[in-house]
Structures are given as structure tokens and as C-alpha cells.
Protein chains: 2
Amino acid sequence: MRRGIEFKKKARIIIVDDNYEHLSGIKELIEIESDFDVVATATSASVAISLIKKYRPEIVLMDINMPEKDGLTAIAEIEKLELGVRIIALTGYDDPDLIFRAMKIGAKGYILKTMASAQLIYAIDEVAAGKIYLPATLSSRFFEYFQRSFKEETEEVEDEENLLNYLTQREEEVLDLLTQGITYKGVAKKLFISETTVKTHVNNIFQKLQVNDRTQAVLYALNNGFLNKRKVKIAI
Amino acid sequence: MRRGIEFKKKARIIIVDDNYEHLSGIKELIEIESDFDVVATATSASVAISLIKKYRPEIVLMDINMPEKDGLTAIAEIEKLELGVRIIALTGYDDPDLIFRAMKIGAKGYILKTMASAQLIYAIDEVAAGKIYLPATLSSRFFEYFQRSFKEETEEVEDEENLLNYLTQREEEVLDLLTQGITYKGVAKKLFISETTVKTHVNNIFQKLQVNDRTQAVLYALNNGFLNKRKVKIAI
DNA sequence: CTATTTATAGGCCATGTGGTCTAAATCTTT
DNA sequence: AAAGATTTAGACCACATGGCCTATAAATAG
């Protein structure tokens with residue numbers, strides 16, 4: 001929109017792809033069809049990382065199907081450097097899990113090799129402008145995967161019998177302190193009750209949770225959303 | 001594309017909005033501009049839920065800024081019913097947190113009231129076709145929020161000194177068994193070593209983790225990505 | 001080839017933990 | 001008002017746990 005008025009800095013790009021044919025193909029495409037500046041290319045992730053440190057490009061196009069060090073690991077490593085490099089993942093597969101993982105570790109875009117070249121340029125444009133770019137088809141997949149993984153997560157917790165529901169208020173308080181690694185004495189002091197009372201509560205908790213020591217009780221509590229209960233209430 | 005050839009079932013829609021003006025506006029818009037069937041409308045979430053149970057619509061347009069029972073809670077409840085209803089969240093705010101939460105609990109679309117009516121129809125079209133629809137601007141926000149929350153999550157774990165790194169392999173094995181709530185005896189059996197050896201390891205673990213009982217050790221391990229280490233290695 | 005680390009194991013003792021039983025005061029529910 | 005659940009508390013006992021110490025074989029590092 002404001003093109004032509006604002007100063008247009010050519011974004012510098014590094015392309016990484018173990019397939020040399022494809023690499024030079026993309027390079028040419030970008031040089032001809034766009035006004036980005038391809039400052040370097042690499043056919044392996046390790047070389048790419050040193051090049052990135054050297055050239056500090058704005059954008060990295062990263063093939064994530066490479067032998068030895070794979071692209072995802074490379075992306076994670078680059079992100080860790082915190083150089084402000086914006087990485088676009090490039091691959092032949094529209095596997096939702098792959099997309100999800102790439103976005104999770106910080107990729108700012110994800111495009112398929114089969115996509116039209118115009119879309120590649122557009123993606124770079126968007127990412128260079130600070131946005132995140134996923135083609136509509138992929139973002140749909142991403143969302144499905146996202147929702148599915150989230151549903152499983154909450155289902156696991158709410159599923160069937162959650163023995164935590166049988167605990168009384170006081171027992172929950174005691175368990176809460178147990179999950180902080182506090183002893184009988186400590187709990188007694190905090191709740192202003194005697195140590196034996198705490199023991200009684202703890203024994204009742206064990207029976208209700210069907211465990212026989214505090215570690216198992218704490219693990220049960222943690223695995224069954226004891227701490228999450230509050231979090232979920234606030235978060236959703 | 002295959003329009004006209006395939007049998008076109010009119011998707012049934014229920015619209016929920018506490019603002020009556022707006023509600024009827026959308027209703028008219030849909031009835032005139034699309035061929036969806038608005039089977040009912042509601043101005044409160046609780047009424048909406050009973051209507052949904054009765055009419056079993058394919059699509060629900062849900063305003064998420066409503067008094068009393070808010071839209072997000074309503075969406076969560078409807079999703080829990082597992083009626084296969086596809087919900088589109090409708091609101092005036094493009095708050096990324098709100099978008100994220102809506103998608104998290106299962107909304108299949110999210111559109112702003114300020115958006116053009118054509119976009120609303122398009123969104124319904126997409127969602128009715130089984131896809132998930134987020135306008136480009138919102139999906140960008142969503143992704144940013146997604147990445148940010150994920151980054152924080154991993155940073156918390158990798159941050160600074162992780163005392164777990166000082167543990168030897170054997171100590172990690174022992175701790176692993178402790179995080180499963182196993183006693184000295186059990187650990188000894190599993191590792192084919194004597195009970196006193198286990199105690200020695202455990203004591204060393206305590207010192208390294210700067211704790212003084214197993215519960216605290218387990219909690220430290222869990223909070224500092226002990227179990228995640230493997231997961232992360234496999235997952236990323 | 002020594003020095004260090006790691007894994008192994010034992011003893012001793014204080015204290016924490018868990019099992020079981022009883023029981024009273026208080027609060028809910030019917 | 002009676003029945004039931006919850007919270008409180010005690011006694012008793014077996015055993016698990018944790019602190020502290022020493023010590024040896026094996027592996028690793030310098």
C-alpha cells in the first residue's frame with residue numbers, strides 16, 4: 001500500500017536445501033521474480049548455521065527434509081541464537097504434525113515445494129513484513145491438529161473417574177501442601193491443626209486416590225489436573 | 001467447483017447474540033445473501049444450548065461477549081456434548097488471547113463483527129465444508145500468540161542452571177523410578193543393586209538437587225523438564 | 001599412570017511415614 | 001431430631017526414609 005513512499009530495504013535471504021538443483025531453482029526464481037537479496041545458499045544445516053551467523057539475514061528458507069542434521073533441529077538451533085532471523089520452512093510434505101512442530105519451534109512460515117512460485121514470493125513478502133504466513137490449506141491442517149491435540153489433553157484429564165473429585169475441601173488443602181513437598185509438621189503448622197490430624201487426612205487421601213505413599217499421591221494429583229483445575233478455570 | 005452437480009444440503013444455523021439488533025441483522029444477511037437455513041436464534045447462551053440440543057444445527061454463530069454465561073464457556077459446554085456442531089465465534093475484539101482460547105476449546109472459526117458481510121458468508125461456507133476458518137489477520141495474531149506461549153514454556157525449562165544436568169546416568173535412572181513412586185526396595189530390584197546403594201544414589205540426588213526428600217526431588221524433576229527431556233528429543 | 005568420578009555397599013540412628021483403630025465436636029442433610 | 005459426613009485428635013506399631021560416615025572396585029580423565 002505504502003509502497004514507493006517508504007524506503008524499501010531489500011531483505012537478505014539465505015536458502016538451505018540439500019538438493020542442489022532445487023536450491024539454484026529457488027535462488028533464480030527469487031532473484032528474477034522479487035527484489036530480495038539472496039546473500040548465500042547452503043546444502044546442509046550445519047553450513048547454513050555458520051552462514052547465518054556471518055551474514056545475519058532477515059529471512060532463511062529452510063528445507064526441512066535433509067539428511068544428517070534435519071531441518072527442524074536446525075530451526076530450533078537458529079531460533080536459540082536469537083538473531084531475529086525469520087525462518088520459512090520449505091518441504092514437500094503437508095504432514096500436519098510436521099507443520100505443527102515447525103511452527104512450535106518458531107518458523108514464521110511454511111510452504112510446500114509443489115506450490116506456485118508466486119506463492120513463495122508472497123510468503124517471503126509477508127514474513128519479511130513481520131507477519132506469519134501459512135497457506136490457507138496448511139493453516140487449516142494446523143488448526144485441526146492443534147484442536148485435536150488440545151482435545152486429547154483435556155480429555156485425558158476430565159475422562160472418566162477422577163478420583164480427585166472425591167476429596168473433601170480440607171483434604172484438597174492438605175494435598176495441595178503435599179504437592180509442594182511439605183512434611184506433616186509443616187502442613188500442621190500451616191493449617192493450624194495437629195500433626196495427627198494431618199496424618200488422618202493424608203491417610204484418607206491415600207485411600208481415596210488408591211495409592212499408598214505421598215509420592216504416588218502427588219503424581220496422581222499432578223497427572224490428573226489437580227493444579228490445572230485452578231489454571232483451567234482461569235484460562236478458559 | 002462441483003456446485004450444482006452434487007446434492008446441496010442447506011446447512012442449518014443457529015445464531016446467538018445478546019444484542020437483538022445485531023442478531024436480526026445477521027439473520028437477515030444470511031437469509032438473503034446465502035442459502036443457509038437459520039433454524040433458530042437466541043440472545044443468551046443457556047437458551048442457545050437447549051436450542052442446539054433440539055435442532056442439532058450444523059453451524060452455530062456465537063457471540064462471545066455476553067453477560068452472565070459468556071460465550072467461551074458456552075462453546076466449551078457445547079463441544080462437550082459432542083453433537084458435531086461446528087461453532088464460529090463472533091466478536092468485536094481481535095484480542096489474540098481471546099482468539100487462542102476460542103480455538104483451543106474447539107471453535108471452528110472466528111470472525112469480527114466489523115468484517116464485511118461477504119466474509120461472514122465465506123467463513124460459514126468454509127466451516128460448513130469441514131474446514132477451519134480464520135481471517136488472515138487473525139490467524140497471524142493467533143500464530144504469534146501460539147509461538148510466544150510456546151517459547152515461554154520451553155524457556156522456563158531450559159533457563160539458567162538446571163540442577164538435573166549434574167546428575168549422573170545412574171542417578172537419572174534412580175530418579176526416573178522415584179518419579180514413578182517406587183520405594184527403595186523396588187528400585188533396588190529393578191536395577192539389580194542393593195537397597196543401600198539406592199539410598200546412596202538417592203542421597204546424592206538430594207544433594208545435587210538441593211532438596212531433602214523424595215517428594216521435593218520428584219517435584220523438582222517434573223518442574224524442570226525431567227520427563228520432557230526425552231519427549232522433547234523425540235518430539236522436536 | 002595417577003587422580004577423579006562413578007557405582008557399588010555397609011552401618012547406625014533419628015525421624016518421617018503409613019496402617020489401623022478409636023472417638024469427639026461440628027456441620028449437613030433429610 | 002436423627003443420620004451421615006467432615007474435621008478434629010489421639011495411641012500404637014512397623015517400617016521406610018534421610019543424614020552421615022566409611023570403603024572398595026571399576027571406569028574415566030588428566
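We name chains A, B, ... by the order of the sequence lines, and we start the count at 1 in each one.
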Picking from C:dT8, D:dT6, C:dA9, which would you name as closest to the side chain of A:Thr168? D:dT6
Go through C:dA9, C:dT8, D:dT8 for me and flag the one nearest to the B:Arg170 side chain. C:dT8
[atom1] of [X] versus [atom2] of [N]: gap in Å, rounded?
X: A:Glu173; N: D:dT7; atom1: CD; atom2: P; answer: 8 Å
X: B:Ile205; N: C:dT6; atom1: CD1; atom2: P; answer: 13 Å
X: B:Glu171; N: C:dT8; atom1: CD; atom2: P; answer: 10 Å
X: B:Leu191; N: C:dA7; atom1: CG; atom2: C1'; answer: 11 Å
X: B:Leu175; N: C:dA7; atom1: CG; atom2: P; answer: 13 Å
X: B:Asn204; N: D:dC20; atom1: CG; atom2: C1'; answer: 12 Å
X: B:Gln216; N: D:dT17; atom1: CD; atom2: C1'; answer: 13 Å

Counting only side-chain N and O atoms of B:Thr197, is one of them less than 4.0 Å from OP1 or OP2 of C:dT8? no
Is A:His201 near enough to D:dT7 that one of its side-chain N or O atoms lies under 4.0 angstrom from OP1 or OP2? no
Would you say B:Lys208 has more than 12 foreign heavy atoms packed within less than 6.0 Å of its NZ? yes
Please tell me whether B:Tyr110 and B:Phe142 form a close aromatic pair, meaning their ring centres lie under 6.0 Å apart. no
Determine whether the aromatic ring centres of A:Phe146 and B:Phe100 lie less than 6.0 Å apart. yes
Using a 4.0 Å cut-off on protein heavy atoms (strictly under), produce a 5'-to-3' string for nucleotides 11-30 of chain C with B for base contact, S for backbone-only sugar-phosphate contact, and - for none. -B---SSBBB----------
Cationic tip of A:Arg214 within the cone over A:Tyr184's six-membered ring, i.e. under 6.0 Å and within 45° of the normal? yes
Quick one: on DNA chain D, does A:Lys208 or A:Ser194 contact a more 5' nucleotide (nearest heavy atom)? A:Lys208
Check: A:Arg12 side chain, A:Tyr55 main-chain N or O, donor-acceptor pair, under 3.5 Å: yes
Closest non-hydrogen atoms of A:Ile105 and A:Leu72, given as atom of the first, atom of the second and distance, are CD1-O, 3.2 Å
CG/B:Leu90 to CD1/B:Ile26 distance, rounded to the nearest 0.5 angstrom? 4.5 Å
